[in-house]
Protein chains: 2
Amino acid sequence: MATIRDVAKHAGVSVATVSRVINETGYVHDDTRKKVETAIKALHYTPNEVARSLFKRKSRLIGLLLPDITNPFFPELARGVEDEMQENDFRIIFGNSDENMKKEKEYIQTFVQNNVVGVIASTNHPDTDTYRKLNIPVVFLDRTADNRPSVYADGREGGRIAAQEMVARGSRQITVMQGPKHIRPAQDRFKGAIEALSDQGIAFNVVKTSSFSFTEAGTWAKELFEQHPFTDGVIASNDIVATAVLHEALRLGKNVPDDVQIIGFDDIPLSSLLTPSLTTIRQPAYDMGRAAANLLVRLIDDVNIDNKTIQMPVTFTERDTTRKVNQHG
Amino acid sequence: MATIRDVAKHAGVSVATVSRVINETGYVHDDTRKKVETAIKALHYTPNEVARSLFKRKSRLIGLLLPDITNPFFPELARGVEDEMQENDFRIIFGNSDENMKKEKEYIQTFVQNNVVGVIASTNHPDTDTYRKLNIPVVFLDRTADNRPSVYADGREGGRIAAQEMVARGSRQITVMQGPKHIRPAQDRFKGAIEALSDQGIAFNVVKTSSFSFTEAGTWAKELFEQHPFTDGVIASNDIVATAVLHEALRLGKNVPDDVQIIGFDDIPLSSLLTPSLTTIRQPAYDMGRAAANLLVRLIDDVNIDNKTIQMPVTFTERDTTRKVNQHG
DNA sequence: TTGTAGGCGTTATCAA
DNA sequence: TTGATAACGCCTACAA
């Protein structure tokens, strides 16, 4: 790799001058600029980001920490982040945390060691020293922390909507699946749903789950129908679980939505392709990723920011695992 | 952030000594070691990777270039890569190429600028200067290039198997979906399928497609049944497209697999959750990611490598979009 | 067993 | 308008 020295030599100028033309800082005569530019081309020179980063004490790298890219909700988020960052000339160091504090800490540490200028994290523990003591901007994604920069959807409201729409469509023996206890958005949805159900005086059962993995989801779905065979409506903690419930319901010969209605959460790409297609509470994942990245970029540039917490809309997306509302008058 | 100087001062030794204890290189007295270690803890010191990287002219970073993390096949790959790299103390700079040479080039360039020590790339153009001129190890993932390090599944064989199994299960009016022309694995599968079909003297139709996006897949599925209404077997270019075909077939009131059999490719997590669940040619995505990462790590450590190209097995995964073979004697 | 000093490739300050 | 040069934080000869 050619260095700035090689370029300087080739162009017959000093490294300072080369640096000036590269960074467009300070005066440089047109003729010299041209000489330098030809030298750069001739040597295929590109500046060493590491040396830059060392000197400036900041890089063009940001850290992205997601629970598990294998969960179909996150690729959309990640893509949104990536696209926005790419447009702003930042690169991403990526890690999966598995919702595990230790891993999180390790990643954040290596992020810092690599001089990242900002972090986007989907963590359940934003109020930890891990993040509090960071002296670079952090944006929480799909998570909140009071008053700290974050982009998230209102899970509580989503849960409420799910419950209301399900009741409006006639279910009376509802089972609510409570997502993993340590995952905030899952608990928010759960709370919202049982709140709305209680408000309306509708009884409900609860099935606890402890992960969002595809394989385990199947088990809980089985459990659900064994323990609560008369369930006529399921509010799942997300679309993965909803998909498993749907699969199991069909396997048991139930008619969906006539015997059981199902509402998921997220609207992962797959949901619309299921048969019957899945009614769900949509979160605009891609846009959330973009918004988070955009917010982070602004934070990095130290622009004065008004809205540091961005709440994205959650929308009831009616498809075929729920009945039509007018079927019930 | 504390620097090695601060630690040295705090411990009353020279930076060289601190460096020695950190890197476990050279002699250092037990007492001094202890002093240094306390200083490190007291100051919460962690070495600046950027400075290290600058000096050594290599980092602990590798570049991962995937077409589109939003395509459900890739998160599994990415996760495999990440897990293996994480275990070997490497971090990942991640980018989506959209199968676009320009983007690829840009990413590779910034990878190099950041001193990555290796690259894992899923590219359709391994034989380009972009990769040839790289003087760090590159592993091609889900792609091959003659004799260069790569981890991939045999698409041709997969296509062949799909065709054979479909014919064995009685389909005679088969439609083969030809994936995007510029995507190698897609073409390999296609070739394999039509080869096997021709060998057996079975006529077939072809439907061309140009991406793997969920939304477009729906369009091609419609097209398929409009143009070839008597199709009784579809070999899709991957599970995304297969899912769309399944969805459309059911929408048209066809019975799957009795009226139409469908075989996909990849075995994405969703495939087993569809109803009916999708028969497919499985690629072990997660393992492929791991294998690629492992190979790269060995290449970086300059271990003598025997098998630089690792072909992973492709397996016929029989589920419910195909008939049972004994139903036909 | 330990310390001094030079250099990795840049940028920015200061003189010229 | 340009050039020397001192950092940035670390590692490694080489000397002591």
Side-chain angles (χ1 to χ4, degrees), chain A residues 1-37 39-40 43-61 89 109-117 135-136, chain B residues 1-37 39-40 43-61 89 109-117 135-136:
Chain A
M1 285 287 88
T3 76
I4 199 172
R5 280 212 148 59
D6 302 327
V7 177
K9 201 167 296 172
H10 190 107
V13 299
S14 76
V15 294
T17 303
V18 177
S19 179
R20 280 189 204 102
V21 349
I22 292 169
N23 299 294
E24 304 184 7
T25 159
Y27 301 101
V28 32
H29 193 91
D30 255 10
D31 296 350
T32 11
R33 177 189 313 285
K34 263 164 212 151
K35 279 194 294 183
V36 172
E37 279 163 355
I40 288 179
L43 300 175
H44 298 295
Y45 169 77
T46 49
N48 180 324
E49 277 299 327
V50 177
R52 270 190 175 166
S53 170
L54 178 60
F55 181 85
K56 298 196 160 183
R57 301 233 233 19
K58 51 164 121 171
S59 65
R60 297 296 293 179
L61 258 21
D89 294 320
Q109 199 193 104
T110 58
F111 286 171
V112 171
Q113 289 181 302
N114 282 286
N115 275 178
V116 301
V117 280
N135 45 9
I136 48 173
Chain B
M1 287 286 88
T3 77
I4 199 172
R5 279 212 148 57
D6 302 327
V7 176
K9 201 165 296 172
H10 189 106
V13 300
S14 77
V15 294
T17 304
V18 178
S19 178
R20 280 190 204 100
V21 350
I22 293 170
N23 300 295
E24 304 185 6
T25 161
Y27 301 102
V28 34
H29 194 90
D30 255 10
D31 296 349
T32 11
R33 177 191 313 285
K34 263 163 212 152
K35 279 195 293 183
V36 172
E37 278 164 355
I40 288 179
L43 301 175
H44 298 294
Y45 170 76
T46 48
N48 180 325
E49 277 299 328
V50 177
R52 270 192 175 166
S53 170
L54 178 59
F55 179 83
K56 298 196 160 182
R57 299 223 225 34
K58 52 163 119 168
S59 66
R60 296 297 290 178
L61 259 20
D89 295 319
Q109 197 192 105
T110 60
F111 288 170
V112 171
Q113 289 180 302
N114 283 286
N115 274 177
V116 302
V117 280
N135 45 8
I136 49 174

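Hydrogens, waters and symmetry mates play no part in the numbers below; they use all other heavy atoms, side chains included. Below, chain A is the first sequence line, B the second, and so on; all start at residue 1.
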remark   = Between CE of B/M1 and C1' of D/dC10 the distance, given in whole Å, is 16 Å
key: Expected output: side-chain A/N48 to main-chain A/V50 donor-acceptor under 3.5 Å   = yes
key: B/H29 side chain, from C-beta outward: closest of D/dC11, D/dT2, C/dT1   = C/dT1
query = Roughly, in whole Å, what's the span from CD in A/E49 to P in D/dC8?
reply = 20 Å
request  = Mind calculating the distance between OH (A/Y45) and P (C/dG9) to the nearest angstrom?
outcome  = 10 Å
inquiry  = Under 4.0 Å from OP1 or OP2 of D/dC11: is there any side-chain N or O of B/R52 that close?
reply    = yes
message = Classify B/V13 by what it touches in the nucleic acid, base, sugar-phosphate, or nothing, heavy-atom distance under 4.0 Å.
response = sugar-phosphate
inquiry  = Rounding to an integer number of Å, can you tell me how far B/I4 CD1 sits from C/dA5 C1'?
reply    = 14 Å
Nearest to side-chain heavy atoms of B/L54, which nucleotide of C/dT1, C/dG9, D/dT2 = C/dG9
ask   = How close or far is atom P of D/dT1 from atom CD of A/E24, stated in whole angstroms?
value = 15 Å
message = Strictly distance-based, threshold 3.5 Å: is any side-chain N or O of A/T25 a donor or acceptor partner for the main-chain N or O of A/R20?
response = no
message = When you measure from the side-chain N and O atoms of B/T17 to the phosphate of C/dT2, is any distance below 4.0 Å, counting only OP1 and OP2?
response = no
query = Counting only N and O atoms by type, is there a donor-acceptor contact under 3.5 Å from the side chain of B/S59 to the main-chain atoms of B/S53?
reply = no
ask   = With respect to the side chain of B/V28, which nucleotide from D/dG3, C/dT2, C/dA12 is positioned closest?
value = C/dT2
message = So, does A/S19 get its side chain near the phosphate of C/dT11, meaning an N or O under 4.0 Å from OP1 or OP2?
response = yes
inquiry  = Counting only side-chain heavy atoms from C-beta out, which of D/dC10, C/dG9, C/dT1 sits nearest to B/F55?
reply    = D/dC10
key: Under 3.5 Å donor-acceptor, B/D6 side chain and B/T3 backbone   = yes
key: Below 4.0 Å: OP1/OP2 of D/dG9 and any side-chain N or O of B/T3   = no
Interatomic distance where CG belongs to A/D6 and P belongs to C/dC8 [whole Å] = 11 Å
message = Nearest to the A/N48 side chain among D/dT1, C/dT10, C/dA12, which nucleotide is it?
response = C/dT10
ask   = In terms of side-chain geometry, is the basic nitrogen of A/R52 or A/E49 positioned less than 4.0 Å from the acidic oxygen of its partner?
value = yes
Separation of atom CG in B/N115 from atom C1' in D/dC10, rounded to whole Å = 14 Å
remark   = Testing D/dC10, C/dT2, C/dT11 for proximity to the side chain of B/R20, the answer is C/dT2
request  = Would you indicate which nucleotide in C/dG3, D/dC11, D/dA4 comes nearest to any side-chain atom of A/A16?
outcome  = D/dA4
request  = Would you mind classifying the nucleic acid contact of B/T32 as base, sugar-phosphate or nothing, using non-hydrogen atoms under 4.0 angstrom?
outcome  = sugar-phosphate
key: Heavy-atom pair of closest approach, residues A/S19 and A/I4   = N-CD1, 3.8 Å
request  = With DNA chain C as reference, determine whether B/R57 or B/V15 sits nearer its 5' end, using the nearest nucleotide of each.
outcome  = B/V15
key: Rounded distance in Å - CG (A/N23) to P (C/dT13)   = 13 Å
